[in-house]
Amino acid sequence: MKITTRVAVIGGGVVGASVLYHLTKLGWSDVMLLERSELTSGSTWHAAGGFHTLNGDTNMAALQGYTIRLYKELEELTGLSCGLHHVGGVTLADNQDRFDMLVAERAKHRFMGLETEIVGPDEIKKIAPVTNVEGIIGGLYDPLDGHLDPSGTTHAYAKAARMGGATIETHTMVKETNQRPDGTWDVVTDKGTIHAEHVVNAGGLWAREVGALAGVYFPLHPMEHQYIVTDEVPLIRDMMADGIEHPHVMDPAGESYLRQEGRGLCIGFYEQPCRPWAVDGTSYNFGQELLADDFDKIEDSINFAYKRFPDLEKAGVKSVIHGPFTFAPDGNPLVGPVPGMRNYWSACGVMAGFSQGGGVGLMLAQWMVEGECERDTMAMDVARFGDWITPGYTLPKVIENYQKRFSVSYPNEELPAARPFRQTPMYDVFDEMGAVWGQQFGLEVVNYFAQGDEPRFETPSFRRSNAFEATAREVKAVREAVGINETHNFGKYLVTGPNARAWLDRVMAGRVPQIGRLSLTPMLSHKGRLIGDFTISCLGEEAFQLTASYGSQAYHMRWFEQNEMEGVTVENVSDKLTGFQIAGPKRARCSPPAHALMCRP
Ligand SMILES: Cc1cc2nc3c(=O)[nH]c(=O)nc-3n(C[C@H](O)[C@H](O)[C@H](O)COP(=O)(O)OP(=O)(O)OC[C@H]3O[C@@H](n4cnc5c(N)ncnc54)[C@H](O)[C@@H]3O)c2cc1C
C-alpha cells in the first residue's frame with residue numbers, strides 16, 4: 001500500500017468514486033481512495049438507481065444535468081456498462097399549485113438549455129400508460145430522466161480514476177485522521193498509516209463517524225427508505241414486446257416514484273410516517289445488509305399508488321428493498337472545504353448520488369485543484385451551516401425534508417421544524433407585536449408584522465401572497481414617516497491590527513474608508529467572482545468593522561482564514577453585537593415602548 005498521497009478519499013460509494021475520478025480528470029493523479037469493505041458497501045449498492053434533473057435550485061439542477069450526461073462518457077472511457085436506461089420521465093400535477101411549480105421549473109430549464117416539456121393528461125397517458133390520469137392537470141416531461149446500475153456505475157468511476165493514476169484500497173478501514181502542524185494528515189488505517197496532503201470525507205452512511213475522527217460535526221442524518229419491485233405486469237410485458245420501455249413517473253401527490261424493472265414495475269415512497277435510522281450513530285457492524293420490510297409505514301402510500309397505477313395492485317411483490325441513506329437539513333449535499341479546518345474536505349450528505357454524484361465530484365475537484373468552482377455552489381456548500389448547528393436541529397429538519405421531498409416548494413417558504421432555534425434580544429417584543437417570523441442561519445428574524453387578526457404566517461403562493469398588504473403598509477410608513485428595524489441578522493466582523501488596512505485593501509475590491517467614514521465594497525474571489533458584499537466602517541487606523549450577509553458567516557470566515565495576513569486579527573462578532581436601523585423622513589419620538597416606533601405613520 002502507498003504510504004504517501006496527495007489526497008486520501010475516505011469512502012468508496014458512488015460519491016467517493018466520483019470525487020476520485022474527477023481529481024484525476026483535472027490532473028491530480030497521486031490520489032487514493034480508502035474503503036473499509038468492497039466498493040458500494042454503504043447506501044450505494046441498494047439504491048434504485050434513478051436519476052433526474054428536477055431540483056429547486058438552478059445550479060443544483062445544472063449539476064444534475066452534468067451528472068446524467070457524464071454516464072455515456074464514462075462508458076466510452078472505461079468500456080464498462082453503467083446499465084443506462086434513458087427512458088425519460090414525467091412528473092404529475094394534480095392541482096394548480098403543483099402545476100404552477102412545474103411551469104416555473106420548465107421556465108428555468110429553458111434558460112439552462114434543458115429540453116423538458118409541459119404535457120397534458122392525454123399525452124401523459126400515451127407516454128406512461130400505467131398511469132390513471134383522472135384528476136391530473138398536466139405534467140413535466142424530461143427526456144433525460146432514467147435509471148442505471150448503481151454498482152456498475154460506481155465501478156466505472158473507479159476504473160476511470162485508476163486509468164488516471166488513482167489507487168483504490170478496499171478492505172482498508174480508516175481508524176484515525178490526525179493533523180500534523182503543517183496542515184497535512186496522518187490517515188491511520190488497519191493496514192498502516194498514510195501521509196496525505198488532503199483528506200476528503202465521502203463516508204456516506206458513516207460520514208458522521210468519519211468526521212468525528214477529525215473532531216468535525218457534519219449536519220446530516222440517515223433515513224430509512226423503501227421501494228418495491230413487482231412480478232410481471234402484462235402491460236409492461238406487451239410494451240417490451242413492441243420494444244418500448246416504460247418511462248419513470250413521479251407522483252408528488254402520492255409521494256412516489258415509479259419505473260419499469262424487468263417485466264414488472266418498481267415503486268418507491270417518501271412516506272409521511274417516515275423513520276430516521278441510527279440516531280445515535282452508524283455502527284461499523286452494519287454491513288451490506290437491508291432493513292426488515294415494513295409495509296405498515298407505507299400502507300397509505302401503497303393504497304394511493306393502487307389508484308394512480310392500477311396495474312400495481314394486480315401484480316405480486318417480487319422483492320422489497322429497505323435501506324438507509326443520508327440527508328442534510330435542507331436535503332442538499334454538504335460539499336467543499338470544511339470551515340475552521342485546513343486541507344479537510346466534505347463530499348457527504350448526498351441523498352441522490354446518481355443524480356448528483358457527478359456534479360459533486362466535479363465541483364469538489366475544481367475547488368481542490370483550481371481553488372474555486374466554475375459555478376455558484378452556495379446551495380451545496382458545507383459552509384451554509386454554521387457552528388450553531390447541533391444534532392437537535394439536524395434531526396427534525398432531516399425528517400421534515402424527507403416528508404416534504406415531493407411537496408410543492410414555494411418562493412419565500414418558511415419551514416416549521418426545529419423552530420424557534422435561536423432568537424435575537426428583541427424576539428419577545430416583536431412576537432407580541434405580531435411578527436411573522438423567518439429563519440436565517442438558524443436565527444429567527446422578522447419578515448414583516450401582521451396586524452389585528454391577519455395570519456401570523458405568509459401563505460405560500462406562486463402568486464401575490466398575503467405578505468403583500470403588510471409589506472406595502474411598512475414600506476409606506478417608512479417612506480412617509482419612520483420605521484425601526486433590528487439589525488442583529490447581519491454578519492459582523494472586527495478587523496484589527498497594524499496591517500488591518502493593508503489586508504482589507506488586498507481582500508476587498510473597493511476603497512477602504514478613512515477614519516470615521518464608511519464604504520460599500522464587493523469582495524471577489526481570485527478569479528473575480530462576487531463572493532461577498534460588505535460595508536466597512538473605519539473605527540481607527542488599526543480597527544475596522546465589517547457588516548455583510550448573516551447567512552454567509554461561515555463562508556466569509558473560511559475565506560478570511562484562507563487569506564490571512566500577519567499583523568491582522570479578524571473576529572466574528574455577529575452574535576455579540578446587535579443594533580437598530582431607523583429609517584424615514586420623520587424623527588421618531590423615542591418614548592417607549594419600542595413597538596410604538598414600528599412602522600407607524
Ligand atoms: C432504498 C434506497 C433507494 C435509493 N434510490 C436512489 C435512486 O434511485 N437514485 C439516487 O440517486 N439515489 C438513491 N438512493 C440514495 C443513494 O443510495 C445515495 O445517495 C448514495 O449511495 C450515496 O453515496 P455515498 O458514496 O455518499 O455513500 P455510501 O454509499 O454510504 O458510501 C460510503 C462508503 O464509505 C465507506 N466508509 C465509511 N467509513 C469508512 C472508514 N472509516 N474507512 C473506510 N471506508 C469507510 C463505506 O464502507 C461506504 O462504502 C437510494 C437510497 C436508498 C437507501
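Each ligand, and each atom within it, is numbered from 1 in the order the structure gives. Along the sequence shown, residues are numbered consecutively beginning with 1.
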For the 3.5 Å polar cut-off, considering only N or O atoms, please tell me whether [X] and ligand 1 meet it.
{"X": "A48", "result": "yes"}
{"X": "I10", "result": "no"}
{"X": "A47", "result": "no"}
{"X": "G353", "result": "yes"}
{"X": "H46", "result": "no"}
{"X": "V174", "result": "yes"}
{"X": "E38", "result": "no"}
{"X": "M173", "result": "no"}
{"X": "G49", "result": "yes"}

For [X], the ligand 1 atoms whose distance to one of its heavy atoms is below 4.0 Å:
{"X": "V350", "answer": "18 (C), 19 (O), 22 (C)"}
{"X": "M351", "answer": "12 (N), 15 (C), 19 (O)"}
{"X": "G323", "answer": "53 (C)"}
{"X": "G12", "answer": "33 (C), 34 (O)"}
{"X": "G203", "answer": "32 (C), 34 (O), 37 (C)"}
{"X": "T44", "answer": "20 (C), 21 (O), 23 (O), 25 (O), 28 (P), 29 (O)"}
{"X": "S355", "answer": "11 (O)"}
{"X": "L34", "answer": "43 (C), 44 (N)"}

To the nearest 0.1 Å, how far is [atom] from its closest protein heavy atom, and which atom is that?
{"atom": "atom 34 (O) of ligand 1", "value": "G11 CA, 3.1 Å"}
{"atom": "atom 31 (O) of ligand 1", "value": "G13 CA, 3.5 Å"}
{"atom": "atom 2 (C) of ligand 1", "value": "H225 CD2, 3.6 Å"}
{"atom": "atom 8 (O) of ligand 1", "value": "G50 N, 2.8 Å"}
{"atom": "atom 27 (O) of ligand 1", "value": "G204 CA, 3.2 Å"}
{"atom": "atom 28 (P) of ligand 1", "value": "S43 N, 3.5 Å"}

Out of curiosity, [X] [atom1] to [Y] [atom2], how far, rounded to the nearest 0.5 Å?
{"X": "H155", "Y": "L39", "atom1": "NE2", "atom2": "CG", "value": "5.0 Å"}
{"X": "Q288", "Y": "S37", "atom1": "CD", "atom2": "OG", "value": "6.0 Å"}
{"X": "K175", "Y": "T193", "atom1": "NZ", "atom2": "OG1", "value": "12.0 Å"}

Is the gap between the ring centers of [X] and [Y] under 6.0 Å?
{"X": "W28", "Y": "H198", "result": "yes"}
{"X": "W277", "Y": "F325", "result": "no"}
{"X": "F354", "Y": "Y71", "result": "no"}
{"X": "Y227", "Y": "F269", "result": "no"}

Report the part of [X] (side chain from C-beta onward, or backbone N, CA, C, O) that has a heavy atom under 4.0 Å from ligand 1; answer both or neither where that applies.
{"X": "V15", "answer": "both"}
{"X": "F354", "answer": "both"}
{"X": "A207", "answer": "neither"}
{"X": "H147", "answer": "neither"}
{"X": "S37", "answer": "neither"}
{"X": "Y227", "answer": "side chain"}

Is it the case that atom CG in N178 sees more than 12 heavy atoms from other parts of the structure closer than 6.0 Å? yes
Has K318 got more than 12 heavy atoms of other residues, nucleotides or ligands less than 6.0 Å from its NZ?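 Counting neighbours around NZ of K318, 12 or fewer heavy atoms of other residues, nucleotides or ligands fall under 6.0 Å, so no.
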Mutual orientation of the aromatic rings belonging to H85 and H147 [parallel < 30°, tilted 30-60°, perpendicular > 60°]: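 If you compare the ring of H85 with that of H147, the planes turn out parallel.
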Side-chain donor or acceptor of [X] paired with backbone N/O of [Y] under 3.5 Å:
{"X": "T5", "Y": "D30", "result": "yes"}
{"X": "E76", "Y": "L74", "result": "no"}
{"X": "Q64", "Y": "Q356", "result": "no"}

Regarding R405 and the six-membered ring of Y270, is the cationic atom NZ or CZ under 6.0 Å from the ring centre and inside 45° of its axis?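 Yes, R405 and Y270 form such a contact.
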Ring of W206, cation from R36 - is the NZ or CZ under 6.0 Å from the centre and inside 45° of the axis?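 Yes, a cation-pi geometry holds between R36 and W206.
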Assess [X] for proximity to ligand 1: is some non-hydrogen atom of it under 4.0 Å away?
{"X": "A202", "value": "yes"}
{"X": "C348", "value": "no"}
{"X": "T172", "value": "yes"}

Against H195, only a single residue in T4, T184, D186 fulfils side-chain hydrogen bond (donor to acceptor under 3.5 Å, both in side chains); can you say which? T184
Taking side-chain hydrogen bond (donor to acceptor under 3.5 Å, both in side chains) as the criterion, tell me which of K108, H109, E105 meets it with T116.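 Exactly one candidate clears the test, H109.
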If you measure from atom 38 (N) of ligand 1 to every heavy atom of F325, W45, Y284, which option wins on shortest distance?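 Considering heavy atoms of F325, W45, Y284, the nearest to atom 38 (N) of ligand 1 sits in Y284.
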Which option out of E35, R36, E176 puts a heavy atom nearest to atom 35 (C) of ligand 1? E35
Could you please spell out the steps behind the side-chain hydrogen bond (donor to acceptor under 3.5 Å, both in side chains) verdict for N59 and R375? CA-CA 7 Å; N59 286 298; R375 34 176 77 252; 3.0 Å; yes
Scan side-chain atoms only and decide if E374 and Q366 contain a donor-acceptor pair under the 3.5 Å cut-off. yes
